[in-house]
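Worksheet for the structure shown next.
Every chain is numbered from 1, with letters handed out A, B, ... down the list of sequences. Nothing here was measured: the structure is a model prediction, and the numbers come from that model.
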Number of protein chains: 4
Amino acid sequence: MQRVRSSASEEDAAEQPRRSWKQDPHGVRLNILQVAREAFAQKGLSGARIEEIASQTSTSKRMIYYYFGDKEGLYREVLADAYRRTREAEDALELDGLPSDEALRKLAEFTFDNHRRSKDFIRLVMIENVHEGRHMPDSTEMSGENSSAIRLLEDIYARGLEAGVFRPGFSAVELHWLISALCYFNVSNQATFSHIFGRELFDEDGQTKLRRHVGDMVLRLVLA
Amino acid sequence: MQRVRSSASEEDAAEQPRRSWKQDPHGVRLNILQVAREAFAQKGLSGARIEEIASQTSTSKRMIYYYFGDKEGLYREVLADAYRRTREAEDALELDGLPSDEALRKLAEFTFDNHRRSKDFIRLVMIENVHEGRHMPDSTEMSGENSSAIRLLEDIYARGLEAGVFRPGFSAVELHWLISALCYFNVSNQATFSHIFGRELFDEDGQTKLRRHVGDMVLRLVLA
Amino acid sequence: MQRVRSSASEEDAAEQPRRSWKQDPHGVRLNILQVAREAFAQKGLSGARIEEIASQTSTSKRMIYYYFGDKEGLYREVLADAYRRTREAEDALELDGLPSDEALRKLAEFTFDNHRRSKDFIRLVMIENVHEGRHMPDSTEMSGENSSAIRLLEDIYARGLEAGVFRPGFSAVELHWLISALCYFNVSNQATFSHIFGRELFDEDGQTKLRRHVGDMVLRLVLA
Amino acid sequence: MQRVRSSASEEDAAEQPRRSWKQDPHGVRLNILQVAREAFAQKGLSGARIEEIASQTSTSKRMIYYYFGDKEGLYREVLADAYRRTREAEDALELDGLPSDEALRKLAEFTFDNHRRSKDFIRLVMIENVHEGRHMPDSTEMSGENSSAIRLLEDIYARGLEAGVFRPGFSAVELHWLISALCYFNVSNQATFSHIFGRELFDEDGQTKLRRHVGDMVLRLVLA
DNA sequence: GATGAATGAGAATTCATTCAT
DNA sequence: GATGAATGAATTCTCATTCAT
């Protein structure tokens, strides 16, 4: 009941070393954020319980209100934080050396894998879309233009065009939309899809196949 | 607040004309279901309020419990009913006369349009996925094998293979997954996606383009 | 769910043969009474559910109200009926030929056995005592003076006194009280007593022993 | 309705004096427990109303849930607390100086008096037996072996055997059962018994007589 | 900053009972 | 007499949030 979550889901690869939280405002904040992320990802905004979040925290309910104002405030921060973390993960991708077609496939497949690893993030996005994006962080710091995903795509696509391997007619955002759709759905709709059509697509073999299809699909779309 | 919803969202094409509800169990049930569909689609399972649903109904809160047992029971029925309706809509598609490639593109684009028209359904599916599919109707009546979408795809793909226009290596369920992913995401993630990358993709021009991309993508994937 | 109880607990030795209830007012009444007896015995007045009683009946809720007015009315009838049945069972005891001491022991031990067999009745009495006897049938038809138990005891005790085997100083009602207390408690408090002191007293050996103790106790009390 | 009960039934001899309840969790708990004890004793688990209990309390309905979780949780605590209190009352009895036969009679008669004084406790036990002991506290803390009643009886009976005044063949638990049965029934079944057989046994004279009978009965049972 | 206690407003659910046919 | 539908009035329980120390 009073378990204090400190390490967490797959996604929390590296988290600050944590000792006594006491008198460590920053640590307390992080601890709350982390527990709340899991809670909101699991149950949604209205489904999550402040009480329960607090109990899995190293501090008390009072501190949640102290730091985040109210439940919605906490949710907003969780969401913003989740986007921030995801961006950081995306920044890691390096494709500079590759020819444009290989780079594009690799980007698609990397995204596929990345989404699979980021269940909680995807769930938060699902939830936020149920709320019609009402709690999205300020678009200034979110602007997609300068996300590394978009910049990579722009670069790859430009190179591909130049090299004559890609056909014209696409924007980076469109390509991003297409890749995202496939990779997102794979995670977001696993529950209902597998309920209706069986689990085969979601075991290792199935996923490997889908991953290749996704790569093929994106590549074939733009190939000249 | 006390408005009685009888006709409803875009999706409720034809609903029975209804007169005095009294002693009209079927009518009462339908009326509740319809109001609840909108409510759950809007706010989710925990977010929706039985009270509020009841108030938009021609009957009372009590009758909701009479017919559906509890909130979750109502939600389950709403979900099952939503899937049923969607299936019926899908059954309408006729592609028999077309060559396989044209048929495939048409199926993809029809799905694209259909999803756009079925916001509430998509929202219910989003919500149910947040709940990890815990309320899905019995798979017997849901089995995807005999959904018209799958059967159409099987038929089209078989014809295409036979004609030598399609390459082998795909299953109908995989193709369905790919098409669904694209068309679903377009609706489900509009809020967050447009928040980050702007609304262009979602205005009429943008959608027309995406729609064509989707058709292209699916077709190019399987073309020999 | 819709099981129609017709035969029932141990206590319903002989119940009218029952065919189609339809158009058989007496049968319907009996059927309701019997189901209600079990329900009230099991869950008490406030704990029992009219809905549930009705569902185990061959008829509907409406008929319960038709025949018994309201829940309390039904409970009253169940209680009165239960007392009536118990009296009838007690009337069966024949002790005429026995000497007074043997007769007294036999009466005590018969009561012990009889109570063990009449769980539902005892439970109804427990429940009615929780209600402080507010629903007891009119005392005219209940008057203890002319219950066979009292009349037997009067007779036995008088014979014992006359024969010089019993000492004076007891009334039949007192003796009845003593015997009842022991035999009743054995059934009524089995749950809590065995929870605290273990089940030994309530297995077959334990009960045989207690039964003899009860006989001994009553006999030794009055023996000259 | 809005009376705040603080001192209560006969059984609440000494209860802490209480001042401003605010921030006095122990006091609040006790206050709730006491009011609930009376309510459950009076109306049973399903008959009692949380609302009504709350209104006789110095706090609110909400606090009942805060401290006891739900109605059943409150009931369980009331029951456990009632047993605890009863034990404590039993611990008061001192019989060391007396010869075994006098001690046994005194124990029986003390129990008789004690039960008469503990109406609410007896009612709670009645109610719990209707519930078939489902809410009994963990048997570890309840174990009868080390109740003072059993230990007293063991001691008395052993002494009586040794002195040759008692005959063998009884266990302390059996004797406790016999004594309890008589003393319990006297309270538990007063309502129905007096309804049928009149009130004489329950006025002062009647009770004095019964009390003596109970003493006689137990003593005569074990006398050599 | 920190903590357990406290709370009002609301939400889900239940139940005996009556109505319409 | 019989049945399923309907209902109002409770009743239990929950939740975000604030207070006292």
Has the side chain of E128(A) got a donor or acceptor atom that lies under 3.5 Å from a matching backbone atom of M136(A)?
-> yes

Specify the separation, in whole Å, of atom CD of E51(A) and atom P of dA6(E).
-> 14 Å

Would you kindly give the OH-to-C1' distance between Y67(C) and dA16(E), to the nearest whole Å?
-> 20 Å

Is it true that D120(A) and R123(A) have a side-chain N and a carboxylate O under 4.0 angstrom from each other?
-> no

Report yes or no: does K61(D) contribute a side-chain atom to a donor-acceptor pair with the main-chain N or O of I50(D) at less than 3.5 Å?
-> no

Out of dA2(F), dT17(F), dC13(F), which nucleotide sits closest to the side chain of Y65(D)?
-> dC13(F)

In whole angstrom, what separates L45(D)'s CG from dT12(F)'s C1'?
-> 12 Å

Return the value, rounded to whole Å, for the distance between atom OH of Y75(D) and atom P of dT12(F).
-> 15 Å

Assign each of E72(A) and E72(D) the nucleotide of DNA chain F bearing its closest heavy atom; nearer the 5' end lies the nucleotide of E72(D)

K71(A) (side chain) and dT17(F) (base): donor-acceptor pair under 3.5 Å = no

Whichever of S46(C) and R62(C) has the more 5' nearest nucleotide on DNA chain E, that residue is S46(C)

Describe the nucleic acid contact of Y66(C) in one word from base, sugar-phosphate, nothing, applying a heavy-atom distance below 4.0 Å.
-> sugar-phosphate

Rounded to whole Å, CD1 of I50(B) lies from C1' of dC13(F) at a distance of 15 Å

Rounded to whole angstrom units, what separation is found between the CG atom of D70(A) and the P atom of dT18(F)?
-> 8 Å

Classify the side chain of K61(B) and the base of dT13(E) as holding, or not holding, a donor-acceptor pair under 3.5 Å.
-> yes

Side chain of M63(D) - closest among dT13(E), dT7(E), dA6(F) = dT7(E)

Given side chains that start at C-beta, do those of E38(C) and Q56(C) come closer than 4.5 Å, heavy atoms only?
-> no

Nearest-Å distance for atom pair CD1/C1', residues I64(C) and dA16(E) | 11 Å

Searching all strands shown, indicate the nucleotide that pairs with dA20(E) (Watson-Crick or G-U wobble; both distances under 3.5 Å).
-> dT3(F)

Sugar-phosphate, base or nothing in reach of F68(D), heavy atoms under 4.0 Å | nothing

Between A191(A) and E132(B), what is the shortest heavy-atom contact and its length?
-> CB-C, 3.4 Å

R49(D) side chain N/O closer than 4.0 Å to the phosphate oxygens (OP1, OP2) of dT11(F)?
-> yes

note: N31(D), atom CG; dA6(E), atom C1'; distance rounded to Å ~ 14 Å

